[in-house]
Colleague: 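The following block contains the structure, expressed as structure tokens.
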There are 2 protein chains.
Amino acid sequence: MVEKLIQHIQSIVPIDEEEVEIIRELVKEKNVPRKRFLHQAGEVASYSAFVVEGCLRSYTVDQDGFEHIVQFAPENWWISDMYSLVKNKPSELNIDALLESKVLLLSRTCQVSIFDRIPKLERYFRILSENALAASNQRTINYLSLTAKLRYEKFCDLYPTLIHTIPQKSIASYIGITPEFLSKLRAERN
Amino acid sequence: MVEKLIQHIQSIVPIDEEEVEIIRELVKEKNVPRKRFLHQAGEVASYSAFVVEGCLRSYTVDQDGFEHIVQFAPENWWISDMYSLVKNKPSELNIDALLESKVLLLSRTCQVSIFDRIPKLERYFRILSENALAASNQRTINYLSLTAKLRYEKFCDLYPTLIHTIPQKSIASYIGITPEFLSKLRAERN
DNA sequence: TGAAATTCTTAATGTAGGTTAAGAAAATAT
DNA sequence: ATATTTTCTTAACCTACATTAAGAATTTCA
């Protein structure tokens with residue numbers, strides 16, 4: 001399982017065998033059954049998770065009980081409650097598995113303490129954060145400038161595999177519309 | 001001018017005098033008159049800017065000619081077209097000055113090449129990216145779960161100084177509503 | 001395999017926020 | 001100081017998307 005993470009790191013910052021060994025000992029494997037929480041609103045987050053298999057999501061629940069999905073994490077993606085991790089405070093984010101999943105857990109403490117020994121890892125995470133920020137900004141632009149229909153089409157382009165593996169209502173939640181309205185949009189497209 | 005940046009870096013990762021000297025030589029000072037572009041859609045971004053004084057913004061222009069603001073950068077903030085910087089491709093972002101401003105420019109090439117010599121700088125930018133990502137996710141949540149009125153109130157809490165220094169229509173653009181509707185919301189509040 | 005739970009669809013009705021337009025106020029330039 | 005441009009406000013009307021409800025399809029699990 002750890003091999004998948006090592007490969008991912010290698011694809012971004014080449015690391016040597018010694019460093020690989022250290023990383024191998026840093027992470028914990030974990031199976032996450034469908035619907036099982038990895039993190040719940042109100043807790044202080046202390047781990048990031050790398051998805052080896054399956055798909056997780058992070059989301060908030062508003063006052064009316066509606067879920068709003070912040071992130072999907074299919075294979076090879078990291079997921080965490082970055083706000084809680086960084087501020088060391090509880091936040092409103094939940095993280096759970098949409099599909100039966102396998103993840104690697106890395107504690108924040110381990111993560112930041114290893115950076116002095118393996119600066120390449122700090123580079124790896126800097127690059128990931130920069131990419132995630134660019135993607136998040138793009139998502140904001142989509143909200144500000146596109147109709148629901150166009151946001152759905154962009155979503156399909158961006159996550160082609162997810163369309164068939166996760167419930168439609170989760171897609172609706174991510175693009176910011178109701179499942180009923182998504183259903184209507186899909187009907188229009190034939 | 002550079003002192004302001006040094007102070008900001010020191011507040012996040014303590015650096016020694018030698019490192020300070022290197023940084024001092026890395027950045028270029030620049031005055032940016034109101035409305036002057038720092039970056040235009042279609043160009044490949046090659047600089048990040050640290051705002052010493054004034055306020056910049058990044059935004060897109062949609063097919064109907066409407067502007068959508070992605071980021072405000074008041075004093076002590078960095079602003080860039082992260083997508084373009086990271087992918088080395090042109091994007092749809094413009095960056096210009098909302099107020100008469102002074103910035104420090106750091107080229108991406110300088111930035112990434114200095115990380116091997118000053119790992120603390122890579123840490124500084126990793127931390128900034130993580131914070132920006134957490135903030136961007138929070139903004140996404142606000143979109144998904146709040147009404148325009150509540151988004152406006154959150155904006156006022158988050159950027160109390162901006163409310164009186166930048167045009168209202170810019171705030172409307174940032175929170176994703178028309179200036180007319182913002183005007184209406186404000187009238188309701190007395 | 002079959003009952004229960006979850007998800008998806010359709011359709012009627014409702015509303016937050018958009019559009020258009022025109023005048024008032026404020027900022028900027030001459 | 002005055003003319004010009006930009007921004008803000010108000011109000012009537014409009015629309016994209018939400019809400020509600022109920023049945024159909026699919027998935028889950030005993």
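Each chain gets a letter, A, B and so on, in the order its sequence line appears, and its residues count up from 1.
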Colleague: Can you list, by residue number, the residues of residues 55-63 of chain A that have a non-hydrogen atom closer than 4.0 angstrom to DNA chain C?
Modeller: none
Colleague: Can you list the residues that meet the ring-ring contact (aromatic ring centres under 6.0 Å, His included) rule with Phe125(B), with sequence neighbours excluded?
Modeller: Trp78(B)
Colleague: Listed by chain and number, what are the side chain to side chain contact (heavy atoms under 4.5 Å, CB included) partners of Tyr47(A), not counting sequence neighbours?
Modeller: Lys28(A), Leu105(A), Ser107(A)
Colleague: Are side-chain heavy atoms of Ile12(A) and Tyr124(A) found at a separation under 4.5 Å?
Modeller: yes
Colleague: Among residues at least two apart in sequence or on other chains, which ones pass ring-ring contact (aromatic ring centres under 6.0 Å, His included) with Phe115(B)?
Modeller: none
Colleague: Does Leu146(B) sit in a hydrophobic cluster with other residues, and if so which ones, taking ILVMFWY side chains as linked at heavy-atom separations under 4.5 Å, directly or through other members?
Modeller: Leu150(B)
Colleague: Can you name the atoms? Protein N/O to nucleotides 13-21 of chain D N/O, anything below 3.5 Å, with the distance.
Modeller:
from	atom 1	to	atom 2	distance (Å)
dC17(D)	OP1	Ala148(A)	N	3.0
dA18(D)	OP2	Thr178(A)	N	3.2
dA18(D)	OP2	Thr178(A)	OG1	3.3

Colleague: Considering residues at least two apart in sequence or located in another chain, which fulfil the ring-ring contact (aromatic ring centres under 6.0 Å, His included) criterion with Phe181(A)?
Modeller: none
Colleague: Using OP1 and OP2 only, check whether a side-chain N or O of Arg34(A) sits under 4.0 Å from dT28(D).
Modeller: yes
Colleague: So which pairs with a foot in residues 65-86 of chain B pass salt bridge (Lys or Arg N to Asp or Glu O under 4.0 Å), sequence neighbours left out?
Modeller: Lys4(B)-Glu75(B), Arg57(B)-Glu67(B)
Colleague: Under the side chain to side chain contact (heavy atoms under 4.5 Å, CB included) test, which residues partner Thr60(A), sequence neighbours left out?
Modeller: His68(A), Glu92(A), Leu93(A), Ile141(B)
Colleague: Residues in ring-ring contact (aromatic ring centres under 6.0 Å, His included) with Tyr143(B), at least two apart?
Modeller: Tyr143(A)
Colleague: Report yes if the side chains of Ser136(A) and Thr140(B) come closer than 4.5 Å at any heavy-atom pair, otherwise no.
Modeller: yes
Colleague: Rounded to whole angstrom units, what separation is found between the CD atom of Gln168(A) and the C1' atom of dT26(D)?
Modeller: 12 Å
Colleague: Which nucleotide of DNA chain C is the first, and which the last, in the 5' to 3' direction, to come under 4.0 Å of a heavy atom belonging to chain B?
Modeller: dG17(C) to dT28(C)
Colleague: Kindly calculate the angle separating the two end axes of the helix from dT1(C)-dA30(D) to dT30(C)-dA1(D), each obtained from five base pairs, and round it to 10 degrees.
Modeller: 60°
